[in-house]
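Chain identifiers are assigned alphabetically (A, B, ...) following the order of the sequence lines, protein sequences preceding nucleic acid strands; residue numbering begins at 1 within each chain.
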There are 2 protein chains.
Amino acid sequence: MSEVASQTYTRADEAFDCLQTAIVKGDLVPGEKIGEVELCSRFNLTRGPLREALGRLESRGLLVRRPHAGVKVVSVSAEELMELYRIRETMEGLAARQAAERMTDEEIADLHATLDSHEQMIEQAQGQAYYQAEGDYDFHHRIATGSRNTKLAQMLLGDLYYMVRMYRYRLSTSSGRPHMALGEHRRIAEAIAQRDGELAEFLMKRHINAARQNIERKIKEGALTI
Amino acid sequence: MSEVASQTYTRADEAFDCLQTAIVKGDLVPGEKIGEVELCSRFNLTRGPLREALGRLESRGLLVRRPHAGVKVVSVSAEELMELYRIRETMEGLAARQAAERMTDEEIADLHATLDSHEQMIEQAQGQAYYQAEGDYDFHHRIATGSRNTKLAQMLLGDLYYMVRMYRYRLSTSSGRPHMALGEHRRIAEAIAQRDGELAEFLMKRHINAARQNIERKIKEGALTI
DNA sequence: AAAGTCACTATTGTTGACAATTTATGTCTG
DNA sequence: CAGACATAAATTGTCAACAATAGTGACTTT
């Protein structure tokens, strides 16, 4: 449990990771007030590092804190979730364009290999939403880092993806359209391989827009309640 | 010094604000290592709240922390500053579009009033870069909040603007083109008043792109060294 | 009986002391 | 003389006790 993962791993980092995954996985329910001592006993931490982690998480918008009144996980409305996708649309469009201009040939090869393994996973574990979601995350992760835009990657990976993943877990369905999403991923990867930044941006924006509309439709159908 | 500004203002908040402004104003030099005890004596704080604030600032990307090795203000290269502007271009474009769709008539009136006062300030204090920069910030701030996109506003106001302002202070010149920028602001405000989201987005993107090119040119001329 | 006020409790914010780690310095050896 | 190892000092990470605040409940008053 306490191996030296990379360099030194401080208690505050541990607390941060624990809480973040707990929030993303839904173990910590949004809106519900959670006490510090309860969190400490639950994750075997002491209050010092915990408070430091709480500060970080508050800064990232995953939880809100009122002085002397406790901490609670942020609860996002359906409208706000849609707004999140609108932000992703523009930012990941930029990321795709810059990735097309800057990714190394090796990274592009890895991107294709990633998609191959995703295809296999989809065929094997048909309907396993979990693998879809993780595969989707993997693809977008590679493009964000491939943009070579430090701040952009930081904002996407550090802020937006965690909030989106939080709702993926809660909705338990990533998109419900694995083959279609995979095809869209392939086309984006091809555009990047051809160094066509404009096309990659266009396709990425359309891809995320489609995912947003898909979720919006499901919410309107009443299949998903937030 | 310790008035009750709004509700309750905790020591950690105080530390956060102090450090943030110190970083933005350049009192804390990027790259230089700063000890915790030194910061404590400098801002009359104790290490607990300070560390909490450090965690928040690290999470926002204003400083980097290596375990047991201290804290230093992040140093951003010229290329990274340009990347920051590319992010702003897309995100503020989105903000302008949504602001055109969602701002209230009152907010739009305020926006125009703001630009009027900026015009006066530019005429009166000709060449005072400080007022320009603050005025520019004010304008973009109003549009970010006017977008009614909570996360978008949070990312722009909480993450990007502080980094940009940090370099504005250090470069001491916001753009050096006050009248031109004001005209661009006016056109954006008009597009918003006409509820023309597409146009507002286009104009905002062009506005930020122009600002980026202006800084890029000055850096290449050697007038600004980062 | 209802509403407002006061006191109490539980939780958060803060502090200072203690432990762990990194870095730098100094010495020893090749 | 240079490099590496070990030791020591200074700085950071962690902990547990103390102080302050907000929320809650009961009591009094109108």
Side-chain angles (χ1 to χ4, degrees), chain A residues 1-20 22-23 28-75, chain B residues 1-20 22-23 28-75:
Chain A
M1 193 64 111
S2 66
E3 292 101 321
V4 181
S6 64
Q7 304 281 18
T8 46
Y9 189 67
T10 174
R11 296 285 230 204
D13 294 329
E14 190 185 336
F16 182 74
D17 290 343
C18 284
L19 288 175
Q20 193 167 42
I23 292 171
L28 260 44
V29 184
E32 186 181 327
K33 189 216 166 196
I34 40 182
E36 291 185 1
V37 286
E38 187 193 332
L39 289 174
C40 288
S41 61
R42 195 153 150 186
F43 296 106
N44 273 66
L45 295 161
T46 165
R47 281 184 60 219
L50 179 86
R51 286 180 60 83
E52 207 177 314
L54 291 178
R56 285 196 235 177
L57 288 165
E58 185 194 20
S59 183
R60 293 203 177 181
L62 260 72
L63 47 80
V64 289
R65 248 172 137 183
R66 250 183 35 212
H68 294 100
V71 177
K72 64 179 181 181
V73 177
V74 73
S75 62
Chain B
M1 195 62 114
S2 66
E3 293 99 322
V4 181
S6 65
Q7 304 279 19
T8 46
Y9 189 66
T10 176
R11 296 285 228 206
D13 295 328
E14 190 185 336
F16 182 75
D17 289 343
C18 285
L19 288 174
Q20 195 168 42
I23 291 170
L28 261 44
V29 184
E32 187 182 328
K33 189 215 167 197
I34 40 181
E36 292 185 359
V37 285
E38 186 193 333
L39 289 174
C40 288
S41 61
R42 194 152 150 186
F43 296 106
N44 273 67
L45 296 161
T46 71
R47 282 185 60 219
L50 179 87
R51 286 179 60 82
E52 207 175 314
L54 291 178
R56 284 196 236 177
L57 289 165
E58 184 194 19
S59 182
R60 293 203 177 181
L62 260 70
L63 46 82
V64 290
R65 247 173 136 182
R66 249 182 36 211
H68 295 101
V71 177
K72 64 179 181 181
V73 177
V74 74
S75 61

Do A/F43 and A/E38 come close enough that some side-chain heavy atom pair is under 4.5 Å? no

Just wondering, do A/V71 and A/V64 contact through their side chains at under 4.5 Å, heavy atoms? no

With a cut-off of less than 4.0 Å, is there a side-chain N or O of A/R11 near OP1 or OP2 of D/dC15? yes

Heavy-atom side-chain proximity of B/R11 to B/F16 below 4.5 angstrom: no

Which pair of non-hydrogen atoms, one from B/A15 and one from B/L45, has the smallest distance, and what is that distance? CB-CD1, 3.4 Å

Min side-chain heavy-atom separation B/R56-A/R56 under 4.5 Å: no

Derivation and outcome, side-chain contact (heavy atoms from CB on, under 4.5 Å), residues B/L62 and B/V73: CA-CA 6 Å; B/L62 260 70; B/V73 177; over 6 Å; no

Please state how far atom CG in A/L50 lies from atom P in C/dG13, giving the value in whole angstrom units. 11 Å

Check whether any side-chain heavy atom of A/L63 lies under 4.5 Å from a side-chain heavy atom of A/V74, and answer yes or no. no

For DNA chain D, what residues of residues 51-65 of chain A have any heavy atom nearer than 4.0 Å? none

So the side chain to side chain donor-acceptor pair (under 3.5 Å) pairs with at least one residue in residues 63-72 of chain A (sequence neighbours excluded) are A/R65-B/E52

Residue whose closest nucleotide on DNA chain D lies nearer the 5' end, A/P49 versus A/P67: A/P49

Roughly how many Å is it from NZ in B/K72 to P in D/dT11, rounded to a whole number? 18 Å

N/O (side chain, B/T10) to phosphate O (OP1/OP2, C/dT12) under 4.0 Å: no

Heavy-atom check, side chain of B/I34 versus side chain of B/L39, under 4.5 Å: yes

Atom pair distance, as rounded to whole Å: CD in A/E14 and C1' in D/dG13: 13 Å

Round to a whole Å and report the spacing from NE2 of B/H68 to P of C/dA24. 16 Å

With a 4.0 Å heavy-atom cut-off, tell me which residues in residues 28-48 of chain B come close to DNA chain C, sorted by residue number. B/T46, B/G48

From the set C/dT12, C/dT14, D/dG23, return the single nucleotide nearest to any side-chain atom of A/R66. D/dG23

Tell me the interatomic distance from A/Y9, atom OH, to C/dT22, atom C1', rounded to whole angstroms. 20 Å

